[in-house]
**Q** 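Below: one structure in structure tokens.
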Amino acid sequence: MQLDHLAICAADLDTGVAWAEARLGVALGATGRHARFGTHNRLLGLGEGLYLEVIAPDPDAPVEGPRWFGLESPPLHPRLGNWICRVPDLDAALVDFPECGAAVDLARDALRWRISVPTDGSLPLDGALPTLLQWQVAKPPGDSLPDSAVRVLGLEVTHPQAGALADRVQVPGVTYRTGAVPGLSARFDTPRGEITL
């Protein structure tokens with residue numbers, strides 16, 4: 001299991017992008033859409049096979065059933081809301097992590113991937129468990145997006161069961177902290193220096 005990308009969740013894409021750009025000091029790329037879940041996003045290459053996305057409900061997209069990434073009830077303010085890890089075999093990974101949901105096959109333009117989504121669209125363990133992803137293309141976004149010169153320095157997952165999570169989910173660059181309120185915190189090296197989201 002390897003960190004693939006981080007997601008900033010927002011109620012409105014333009015607001016989320018402005019929030020991210022103001023903090024990171026770089027511009028995000030073009031908009032993409034996820035018709036299955038009624039969301040749209042913008043991406044930023046982080047080098048080393050990683051990327052960042054800002055994702056929000058798409059007000060122009062009809063959707064049947066709940067949106068993913070907890071966006072059926074989006075946050076009032078943009079925030080780091082999800083972490084997504086790639087695995088070589090999604091079906092096998094879901095045997096060990098049934099809380100992550102069921103495998104869903106998705107496609108957009110030339111991209112093909114399988115991703116874990118709980119049936120209610122929620123985040124597994126309030127975001128303390130990652131969303132699991134299996135790419136079905138040779139060059140996923142982390143390898144094909146322009147390099148922004150922004151780098152991830154580390155991700156911290158806060159949860160009341162942090163110790164048990166650390167035993168179950170060992171991902172390079174990810175640490176765990178015990179806390180009453182689940183949450184995510186990531187440090188970035190940016191043109192403006194080190195910042196935390």
Side-chain angles (χ1 to χ4, degrees), residues 1-29 32 39 41-56 68-71 74-87 97 100 115-116 122-133 135 140-197:
M1 190 181 296
Q2 299 286 327
L3 186 62
D4 186 79
H5 66 282
L6 300 172
I8 294 170
C9 297
D12 172 79
L13 185 60
D14 289 342
T15 301
V17 168
W19 184 87
E21 291 180 343
R23 284 153 180 78
L24 298 170
V26 295
L28 276 77
T39 56
N41 67 359
R42 287 179 59 185
L43 308 180
L44 180 72
L46 301 175
E48 302 171 348
L50 299 172
Y51 69 99
L52 176 75
E53 76 172 319
V54 177
I55 186 168
W68 58 355
F69 285 29
L71 289 170
L76 293 176
H77 305 286
R79 64 175 175 82
L80 186 63
N82 197 11
W83 56 306
I84 299 89
C85 288
R86 60 184 176 270
V87 294
F97 298 98
C100 291
I115 192 165
S116 65
S122 64
L123 294 170
L125 288 186
D126 296 316
L129 276 180
T131 292
L132 303 179
L133 169 78
W135 286 108
D143 295 323
S144 61
L145 287 166
D147 190 346
S148 67
V150 174
R151 294 290 182 268
V152 178
L153 299 176
L155 173 69
E156 183 178 78
V157 179
T158 300
H159 194 271
Q161 302 169 22
L165 285 169
D167 290 339
R168 288 185 68 195
V169 188
Q170 298 174 6
V171 178
V174 178
T175 58
Y176 298 86
R177 182 172 66 88
T178 302
V181 179
L184 303 174
S185 175
R187 294 182 301 111
F188 296 85
D189 182 25
T190 79
R192 295 180 173 176
E194 184 175 323
I195 64 105
T196 300
L197 299 179

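Count residues from 1 along the sequence. Remember, predicted model here, so these are calculated numbers, not experimental data.
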**Q** With a 4.5 Å limit on heavy-atom distance, are the side chains of E53 and P141 in contact?
**A**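 Not touching, per the 4.5 Å side-chain cut-off.
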**Q** Could I get the full list of side chain to side chain contact (heavy atoms under 4.5 Å, CB included) partners for T196, not counting sequence neighbours?
**A**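 S185, R187.
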**Q** Can you list everything that forms a side-chain hydrogen bond (donor to acceptor under 3.5 Å, both in side chains) with T158? Sequence neighbours excluded, please.
**A**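 So T158 forms a side-chain hydrogen bond (donor to acceptor under 3.5 Å, both in side chains) with R177.
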**Q** Which residue pairs pass the salt bridge (charged side-chain N to carboxylate O under 4.0 Å, His left out) test with at least one member in residues 122-133, sequence neighbours excluded?
**A**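 Not a single pair qualifies under salt bridge (charged side-chain N to carboxylate O under 4.0 Å, His left out).
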**Q** Distance check, rounded to the nearest 0.5 Å: E48 atom CD versus Q2 atom CD?
**A**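 Answer for the CD-CD pair, E48 versus Q2, is 11.5 Å.
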**Q** Does the side chain of I8 reach to within under 4.5 Å of the side chain of W19, using non-hydrogen atoms?
**A**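 Counting from C-beta outward, I8 and W19 do come under 4.5 Å.
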**Q** Taking all non-hydrogen atoms of both residues into account, name the closest pair between L6 and L155 and its distance.
**A**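 Closest heavy-atom pair between L6 and L155: CD2-CD2, 4.0 Å.
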**Q** Looking at side-chain heavy atoms only, is the closest gap between P160 and P182 below 4.5 Å?
**A**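 Yes, their side chains come closer than 4.5 Å.
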**Q** At their closest point, which heavy atom of S148 faces which heavy atom of L44, and how far apart are they?
**A**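 Heavy atoms of S148 and L44 come nearest at CB-CD1, 3.4 Å.
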**Q** Given side chains that start at C-beta, do those of V169 and V174 come closer than 4.5 Å, heavy atoms only?
**A**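 When only atoms from C-beta onward are counted, V174 and V169 do not touch, as no gap falls below 4.5 Å.
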**Q** According to ring-ring contact (aromatic ring centres under 6.0 Å, His included), who are the partners of W135, at least two apart in sequence or on a separate chain?
**A**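 Scan of W135 (ring-ring contact (aromatic ring centres under 6.0 Å, His included), adjacent residues dropped) gives W113.
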**Q** Apply side chain to side chain contact (heavy atoms under 4.5 Å, CB included) to T190 and list each qualifying residue two or more places apart in sequence or on a separate chain.
**A**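 Side chain to side chain contact (heavy atoms under 4.5 Å, CB included) check on T190 returns L24, V150, F188, R192, I195.
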**Q** Among all residues two or more places apart in sequence or in another chain, which pass the ring-ring contact (aromatic ring centres under 6.0 Å, His included) test with H5?
**A**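 With sequence neighbours excluded, H5 shows a ring-ring contact (aromatic ring centres under 6.0 Å, His included) to Y51, given in chain and number order.
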**Q** Report the residues that fulfil side chain to side chain contact (heavy atoms under 4.5 Å, CB included) with A162, sequence neighbours left out, ordered by chain and then residue number.
**A**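 Side chain to side chain contact (heavy atoms under 4.5 Å, CB included) list for A162, sorted by chain: Y176, T178.
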**Q** Go through the structure and list residues passing side-chain hydrogen bond (donor to acceptor under 3.5 Å, both in side chains) with D147, not counting sequence neighbours.
**A**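 Counting only residues at least two positions away or on another chain, D147 forms a side-chain hydrogen bond (donor to acceptor under 3.5 Å, both in side chains) with R151.
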**Q** Kindly give the heavy-atom pair with the smallest separation between G16 and P78, and that separation in Å.
**A**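 Looking at all heavy atoms of both residues, the closest pair is CA-CG, 3.8 Å.
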**Q** So which heavy atom on L184 is nearest to which on G127, and how close?
**A**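 The answer is CD2-O, 3.7 Å.
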**Q** Which heavy atom of T131 sits nearest a heavy atom of S116, and at what distance?
**A**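 Looking at all heavy atoms of both residues, the closest pair is CG2-O, 3.4 Å.
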**Q** Does the side chain of F97 come within less than 4.5 Å of L125's, by heavy atoms?
**A**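 When only atoms from C-beta onward are counted, F97 and L125 do not touch, as no gap falls below 4.5 Å.
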**Q** Between NE2 of H77 and SG of C9, what distance do you get to the nearest 0.5 Å?
**A**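 With rounding to 0.5 Å, NE2 (H77) is 15.0 Å from SG (C9).
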**Q** Is there any salt bridge (charged side-chain N to carboxylate O under 4.0 Å, His left out) pair reaching into residues 12-24, and which pairs are they, with sequence neighbours excluded?
**A**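 Applying salt bridge (charged side-chain N to carboxylate O under 4.0 Å, His left out) to every pair that reaches into residues 12-24, excluding sequence neighbours, yields E21-R42.
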**Q** As a quick check of understanding, evaluate side-chain contact (heavy atoms from CB on, under 4.5 Å) for L129 and H159, giving each step before the final call.
**A** CA-CA 10 Å; L129 276 180; H159 194 271; over 6 Å; no
**Q** My understanding is that only residues two or more places apart in sequence, or in another chain, count here; which of them pass side-chain hydrogen bond (donor to acceptor under 3.5 Å, both in side chains) with R79?
**A**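 Here no residue qualifies.
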**Q** Looking at every heavy atom in both P74 and A11, which two are closest together, and how far apart are they?
**A**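 Result for this residue pair: CB-CA, 3.7 Å.
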**Q** Under the rule for side chain to side chain contact (heavy atoms under 4.5 Å, CB included), what residues qualify as partners of L50, not counting sequence neighbours?
**A**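 With sequence neighbours excluded, L50 shows a side chain to side chain contact (heavy atoms under 4.5 Å, CB included) to L3, L46, V152, given in chain and number order.
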**Q** Only counting residues at least two apart or in another chain, list the ones meeting ring-ring contact (aromatic ring centres under 6.0 Å, His included) with W68.
**A**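 Scan of W68 (ring-ring contact (aromatic ring centres under 6.0 Å, His included), adjacent residues dropped) gives H34, F37.
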